[in-house]
Amino acid sequence: MNKSILLIDDEEIIRKTLDRDLKEAGYVVCTEPSGEDGVNCFQRKLHDLVIVDLIMEGMGGLDTIKEIQKIRPDSKTIILTGYGTRESAIEALRIGVSDYLIKPFDRMELLEKVYELLNPNSKLESESSLG
């Protein structure tokens, strides 16, 4: 079964680009333009990973993640932001965000982080097969 990812970003170009990249990598992707829509989508389907923009109109990224964690406390989440500060990074880590990427980011780096979060034992399996 393919892993599902919920992508929440108010920038349409980011949603379209990452939607395409993630689908090409074999993931099932749902995109939403706001935190409120993202939380509603997550209530309907518990996605394996949530990628959220930090700064959005209405409900921001950290509040969105807090609401998602109320639904599923062990949710894996990645924050994307063009406005990263030390304070927002510390707050993200404090609430249990899995990773934090500053825009513009390398799309391959994001795909690698997604893979690592969704396949936490893959490194151990490949190392154990060596020998």
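In this structure, V97 and L93 have side chains that are not in contact, with every pair of non-hydrogen atoms separated by 4.5 Å or more. Side-chain contact between H47 and C41: present, with at least one pair of heavy atoms (C-beta onward) separated by less than 4.5 Å. The side-chain heavy atoms of S4 and K45, taken from C-beta on, include a pair separated by under 4.5 Å. At least one side-chain heavy atom of R20 sits less than 4.5 Å from a side-chain heavy atom of R107. Here the side chains of V39 and I71 are in contact, with some heavy-atom distance below 4.5 Å.
Across I68 and S75, no two heavy atoms sit closer than the pair CG2-OG, 3.6 Å.
Side chain of N2 to backbone of G26: a donor-acceptor contact under 3.5 angstrom is found. Between the side chain of R15 and the backbone N or O of D9 there is at least one donor-acceptor pair closer than 3.5 Å. Put simply, the side chain of S98 gets close to the backbone of T77: a donor and an acceptor are under 3.5 Å apart.
Rounding to the nearest 0.5 Å gives a distance of 9.5 Å between CE of M56 and CG of D63. To the nearest 0.5 Å, atom NZ of residue K3 and atom CG of residue N119 are 6.0 Å apart. To the nearest 0.5 angstrom, I8 atom CD1 is 9.0 Å from M59 atom CE.
With 3.5 Å as the limit, one finds a donor-acceptor pair spanning the side chains of Y100 and S88.
Grouped with L110 in one hydrophobic cluster are I5, L7, I13, I14, L18, L22, Y27, V29, L49, I51, I78, L80, L101, F105, M108, L111, V114, Y115, L117, L118, the linkage being side-chain heavy-atom contacts under 4.5 Å among Ile, Leu, Val, Met, Phe, Trp and Tyr residues.
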Is there a salt bridge (Lys or Arg N to Asp or Glu O under 4.0 Å) between D21 and K23? Walk through the geometry before answering.
CA-CA 6 Å; D21 289 350; K23 285 179 178 173; over 6 Å; no
Evaluate the criterion salt bridge (Lys or Arg N to Asp or Glu O under 4.0 Å) for residue pair K113 and E116; output intermediate values, then yes/no.
CA-CA 5 Å; K113 289 182 182 296; E116 290 169 7; 5.7 Å; no
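With a 6.0 Å radius and a threshold of 12 heavy atoms from other residues, nucleotides or ligands, K103 has its NZ atom above the threshold.
Hydrophobic clustering (side-chain heavy atoms under 4.5 Å, transitive across Ile, Leu, Val, Met, Phe, Trp, Tyr) groups I55 together with I65.
Contacts of E91 classified as side chain to side chain contact (heavy atoms under 4.5 Å, CB included), with partners at least two apart in sequence or in another chain: L62, K66, R94, I95.
The salt bridge (charged side-chain N to carboxylate O under 4.0 Å, His left out) analysis of residues 32-41, with sequence neighbours excluded, yields no pairs.
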